[in-house]
Amino acid sequence: MAQARKPRSTIRLGTADDPDAPGPVPHPDHSSDIPAAPATHPPEPMIVPSDSAIGELWSNYGPTLIIIVVAMLVVGFLLAELG
């Protein structure tokens, strides 16, 4: 029995002189001088409002908050009297 040989498929890589030949991989151009972040980020500190921020919040919304709290108390007493 004679075995038939399959022709090998050849991949032409080319030489360095061929314009379509794959050349050396250049160094990637994505380096920067910014240091990388740590692998685990520490938790951020809590934001504590300053006195000026609390004062500004009160001056803008204080009267409205008082009206809302009083209205909720009145509604609470009315519902308690009905129930």
Item to check | Contacts of S50 that satisfy side-chain contact (heavy atoms from CB on, under 4.5 Å) - sequence neighbours left out | outcome: S52, A53
Next on the checklist: Measuring from atom CD1 of I54 to atom CH2 of W58, what distance do you get when rounded to the nearest 0.5 angstrom?
Outcome noted: 12.0 Å
Next on the checklist: Can you list, by chain and residue number, the hydrophobic cluster partners of Y61 when the side-chain cut-off is 4.5 Å?
Outcome noted: L57, L65
Checklist entry - Does atom CG of N60 have more than 12 heavy-atom neighbours from other groups under 6.0 Å away? => result yes
Item to check | Of I66, L73, I67, the residue whose pairing with V69 passes side chain to side chain contact (heavy atoms under 4.5 Å, CB included) | outcome: L73
